[in-house]
Amino acid sequence: MSDLYIYNSYTREKEKFEPLVPGYVGLYVCGPTVSGESHLGHARPYITFDVVNRYLQYLGYKVRYVRNITDAGHFEEEGREAEDKVATKALLERLEPMELVHKYTNLFHWGMRLFNTLDPSIEPTATGHVIEQINMIQDIIEKGYAYEVNGSVYFDVKKYAEHFPYGKLSGRVLDDQLETTRELDGQEEKRNKADFALWKNAPPEHIMRWTSPWGEGFPGWHIECSAMSSKYLGQVFDIHGGGMDLQFPHHESEIAQSTIAHGHAPVRYWMHNNMITINGKKMGKSYNNVIKLTELFSGNHPMLEQPYHPMVVRFYILQTHYRSTLDFSNEALQASERALRRLWEGYEVLKKLNHPGNTEAQDKALDKKVTDWCRECDEFMNDDFNTARVVANLFELVPVINGMKGGQIKLNAISADTFTLLSQTFKSYMEDILGLQPLAQEQGDKLDKVLSLLIDIRKDARTRKDFATSDQIRNKLTEAGITLKDEKDGSVSYTIE
RNA sequence: GGUCGCGUAGCCGAGUGGCUAGGCAAAGCUCUGCAAAAGCUUCUACAGCGGUUCGAAUCCGCUCGCGACCUCCA
């Protein structure tokens with residue numbers, strides 16, 4: 001098999017992937033900030049890197065996948081902000097930070113389960129690693145690259161840039177950063193505008209606070225990822241992933257902090273997924289155009305024409321390369337739904353086919369096509385995880401499978417080996433790598449028996465040419481979301497929406 | 001303003017300089033009691049203008065349009 005190449009955002013080139021320790025991969029992905037509900041835009045990195053994780057495992061690597069939960073910071077729940085600041089409220093009337101964080105962490109996990117993402121190996125929380133963060137900040141201060149002002153600690157970016165390539169990841173020039181005219185909170189405390197906070201002093205009304213060498217406060221946004229990634233993956237690790245919008249300042253800051261604390265850059269391959277847009281604009285809280293996962297799955301949103309199944313959303317995301325923007329529309333989602341249904345049904349049909357076992361293919365040209373389409377899937381994945389091309393190849397194979405079922409193509413047209421390859425490719429890609437699942441829930445025995453009865457009654461009616469009855473059964477079932485299909489061999493199958 | 005990226009058929013979207021990706025939609029045909037599903041066929045596009053080249057969607061330049069980051073952001 002060809003080698004895996006990954007587009008490294010740091011060098012802006014596709015590079016051959018070689019893990020630090022042969023056979024093992026350390027993968028870190030920036031997780032959610034659990035101060036609010038996850039939306040469609042958030043789904044993209046977690047599905048993208050789920051496939052990265054799955055594919056690395058498919059290649060035989062032992063992956064340690066770390067994805068953090070950002071549960072520390074300046075948190076407020078919408079609509080409750082004002083109340084929280086009133087200290088006179090009774091304890092149970094106020095919002096506990098832990099309560100808020102717990103609620104949205106659970107909701108996030110709920111969404112991830114529906115998307116069929118594999119659990120990370122470790123899901124560390126920022127609040128659980130305050131000590132590690134404080135230690136790392138102290139280390140940076142001792143090395144002379146951070147300074148304390150009024151109980152807050154800032155990283156000295158200007159000094160760092162004199163010795164290290166600050167801005168390389170995000171393609172930024174420090175001089176421009178120093179001239180930024182923006183007025184931000186705590187700006188006057190910084191020596192330079194490009195400096196960023198490692199630790200923030202907590203004002204009296206701030207709900208999250210910890211004791212530190214610099215007084216009561218809370219960690220800066222960037223330090224948690226540096227502290228937790230180095231703890232669980234080492235000072236240097238293989239892959240760090242996240243959304244493109246995190247490149248600056250978040251990931252740039254991570255590099256700076258870790259470089260000072262550990263003496264070398266932390267990450268060997270940086271991967272960034274592109275954004276999901278809606279009407280051409282990035283989906284984001286500040287644009288006021290988000291569709292939350294709960295809304296997406298229920299259809300309960302003014303922009304949604306219908307609910308969308310989590311698998312449809314997953315498939316829709318994987319039909320595009322992860323470094324391209326992906327525009328949301330009802331039309332696109334609906335097209336994905338039909339496409340996924342067709343693809344999955346093709347897979348179900350394939351599972352039921354039995355090859356006669358001939359070693360010689362009767363149709364050499366088709367045999368070769370099928371073999372190539374299957375083998376190309378690995379090549380496409382090796383080319384920076386091109387799931388879009390993989391999906392296209394699977395679709396090339398669907399008519400072959402359906403043709404075999406329908407009799408237009410003889411099963412012995414391809415060899416037994418090729419048929420095995422075809423089956424394995426579908427199994428590996430549909431289930432293990434792309435992580436797809438059937439849209440319909442698995443139905444229990446009872447419904448199956450009821451439907452068998454109805455199918456038998458309808459069959460009798462048809463043999464008596466009582467089409468009124470047979471059509472009534474079929475139409476009523478269709479209304480209930482159950483589609484009957486009369487197969488060529490006289491049998492009847494059904495699909496449930 | 002700075003940095004970076006994008007503009008592909010009705011829609012969504014791949015695309016390594018030469019070999020019509022794929023999906024959805026649409027049309028026709030086959031199969032079927034009728035449907036549905038499936039199969040076959042049709043629809044040959046690369047923002048515009050120059051340039052490099054035997055040959056460009058793909059490389060270069062300019063123009064137009066759009067977006068991302070520079071602030072919390074997946």
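Computed over heavy atoms, backbone and side chain alike; hydrogens, waters and symmetry mates excluded. The sequence lines fix the lettering, A, B, ..., with proteins before strands; numbering per chain opens at 1.
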Name the nucleic acid region contacted by A/Gly280, choosing base, sugar-phosphate or nothing; use a 4.0 angstrom heavy-atom cut-off, strictly under. sugar-phosphate
Ignoring the backbone of A/Met275, work out which of B/rA74, B/rA37, B/rG13 is nearest its side chain. B/rA74
Distance between the P atoms of B/rA25 and B/rC40, in whole angstroms? 16 Å
Among A/Thr483, A/Leu477, A/Leu439, A/Leu447, find the residue that satisfies the side-chain contact (heavy atoms from CB on, under 4.5 Å) test when tested with A/Ile496. A/Leu447
Looking for any heavy atom pair under 4.0 Å, which part of the strands does A/Met244 touch: base, sugar-phosphate only, or nothing? nothing
Could you tell me the separation between the CD atom of A/Glu376 and the C1' atom of B/rA14, rounded to a whole number of Å? 13 Å
Using a 4.0 Å heavy-atom cut-off across all strands, classify A/Lys281 as base, sugar-phosphate, or nothing. sugar-phosphate
Rounded to whole angstrom, note down the P distance from B/rU41 over to B/rG61. 42 Å
Scan every strand shown for a Watson-Crick or G-U wobble partner of B/rC19, both distances under 3.5 Å, and answer none if you come up empty. none
Inter-nucleotide C1' distance (B/rC72, B/rA68), Å rounded: 15 Å
Partner of B/rC46 by Watson-Crick or G-U wobble geometry, both contacts under 3.5 Å, or none? none
Is a donor-acceptor pair below 3.5 Å formed from side chain A/Arg323 to base B/rC6, judging by atom type as modelled? no
Considering only the P atoms, how many Å lie between B/rG22 and B/rG39, rounded to the nearest integer? 14 Å
Base, sugar-phosphate, or nothing for A/Gly171, non-hydrogen atoms under 4.0 angstrom? sugar-phosphate
Just how far, in rounded Å, is P of B/rC11 from CD of A/Glu305? 16 Å
When the distance from CD1 of A/Ile455 to P of B/rA37 is rounded to whole Å, what number comes out? 17 Å
Centres of the A/Phe17 and A/Tyr269 rings: under 6.0 Å? yes
Options B/rC34, B/rA14, B/rA36, nucleotide nearest the side-chain atoms of A/Thr483: B/rA36
So what does A/His321 touch, heavy atoms closer than 4.0 Å: a base, only the sugar-phosphate, or nothing? sugar-phosphate
Quick one: is the NZ or CZ of A/Lys158 closer than 6.0 Å to the six-membered ring centre of A/Tyr160, and within 45° of its axis? no
Using Watson-Crick geometry (N1-N3 plus N6-O4 or O6-N4) or G-U wobble (N1-O2, O6-N3), each under 3.5 Å, B/rA9 is paired with none
Nucleotide nearest A/Leu246 (side chain, heavy atoms from C-beta), chosen from B/rG39, B/rG33, B/rA74: B/rA74
Considering only heavy side-chain atoms of A/Ala332, the closest of B/rC24, B/rC11, B/rC12 is B/rC12
Is there a side-chain polar atom (N or O) of A/Lys193 under 4.0 Å from OP1 or OP2 of B/rU71? no
Could you give the distance separating B/rC46 and B/rU8 at their P atoms, to the nearest angstrom? 10 Å
Could you give the CZ-to-C1' distance, from A/Arg389 to B/rU8, as a whole number of Å? 15 Å
For a quick check of understanding: with a heavy-atom distance under 4.0 Å over all strands, which category does A/Asn274 fall into, base, sugar-phosphate or nothing? base
With C1' as the reference atom in both, quote the distance from B/rC19 to B/rA57 in angstrom, rounded to an integer. 15 Å
Touch check for A/Ser286, heavy atoms < 4.0 angstrom, all strands: base, sugar-phosphate only, or nothing? base
Minimum-distance nucleotide (side-chain atoms of A/Arg172 versus B/rG33, B/rC72, B/rG2): B/rG2
Taking any strand in view, what nucleotide pairs with B/rG39 in a Watson-Crick or G-U wobble way, both distances under 3.5 Å? B/rC29
If you check every side-chain atom of A/Asp245, which of B/rA36, B/rA74, B/rC70 has the closest atom? B/rA74
Tell me whether the side-chain N/O atoms of A/Thr33 come closer than 4.0 Å to OP1 or OP2 in B/rA74. yes
If you check the A/Ala339 side chain, which of B/rC24, B/rG33, B/rA14 turns out closest? B/rC24
What's A/Ile409 touching, base or sugar-phosphate or nothing? Going by heavy atoms closer than 4.0 Å. nothing
At under 4.0 Å between heavy atoms, what does A/Tyr287 touch on the DNA or RNA strands: base, sugar-phosphate, or nothing? sugar-phosphate
Within the 3.5 Å criterion, strictly below it, is a donor on A/Asn274 or A/Thr325 matched to an acceptor on the partner's side chain? no
Can you check whether A/Pro203's main-chain N or O pairs, donor with acceptor, with A/Arg209's side chain at less than 3.5 Å? yes
Side chain of A/Arg342 only, please: which of B/rG33, B/rC4, B/rG23 is the nearest? B/rG23
For A/Asp327, answer base if it contacts any base atom (sugar-phosphate contacts may also be present), sugar-phosphate if it contacts only those atoms, and nothing otherwise; contact means non-hydrogen atoms under 4.0 Å. sugar-phosphate
Given the C1' atoms of B/rA26 and B/rG17, what is the spacing between them in whole Å? 33 Å
At under 4.0 Å between heavy atoms, what does A/Phe395 touch on the DNA or RNA strands: base, sugar-phosphate, or nothing? sugar-phosphate
Restricting to non-hydrogen atoms, name the atom on A/Cys377 and the atom on A/Thr425 that form the minimum distance, rounded to 0.1 Å. SG-CG2, 4.2 Å
When you measure from the side-chain N and O atoms of A/Ser324 to the phosphate of B/rC6, is any distance below 4.0 Å, counting only OP1 and OP2? no
Both distances below 3.5 Å, Watson-Crick or wobble geometry, any strand: find the nucleotide opposite B/rC70. B/rG1
May I ask you to evaluate whether A/Asn402 reaches the phosphate of B/rG39, defined as a side-chain N or O under 4.0 Å from OP1 or OP2? yes
Atom CG of A/Asn273 and atom P of B/rC6: how far apart are they, to the nearest Å? 16 Å
Six-ring centre of A/Phe248, A/Arg172 cation under 6.0 angstrom, axis tolerance 45°: yes
Span that lies between the P atom of B/rA35 and that of B/rU30, in whole angstrom: 12 Å
Looking at the base of B/rC66, is there any donor atom on it, or on the side chain of A/Asn279, that sits under 3.5 Å from an acceptor on the other one? no
Tell me whether the centres of the aromatic rings in A/Tyr7 and A/Trp270 are closer together than 6.0 Å. no
Any base atoms under 4.0 Å from A/Ile276, or only sugar-phosphate, or nothing? Heavy atoms, all strands. base
Interatomic distance, A/Ile69 CD1 vs B/rA74 P [rounded to whole Å]: 12 Å
Minimum-distance nucleotide to A/Glu396 side chain [options: B/rG22, B/rA74, B/rC34]: B/rG22
May I have the distance from A/Phe115 (atom CZ) to B/rA74 (atom C1'), rounded to whole angstrom? 12 Å
G-U wobble or Watson-Crick pairing nucleotide for B/rA57 (cut-off 3.5 Å, both distances): none
Do the rings of A/His251 and A/His240 sit parallel, tilted or perpendicular, given the 30° and 60° boundaries? perpendicular
OP1, OP2 of B/rG23 versus side-chain N and O of A/Arg338: anything below 4.0 Å? no
Options B/rG33, B/rG13, B/rC70, nucleotide nearest the side-chain atoms of A/Thr320: B/rG13
In A/Phe115, A/Tyr322, A/Phe108, the residue satisfying ring pair (Phe, Tyr, Trp, His ring centres under 6.0 Å) with A/Tyr46 is A/Phe108
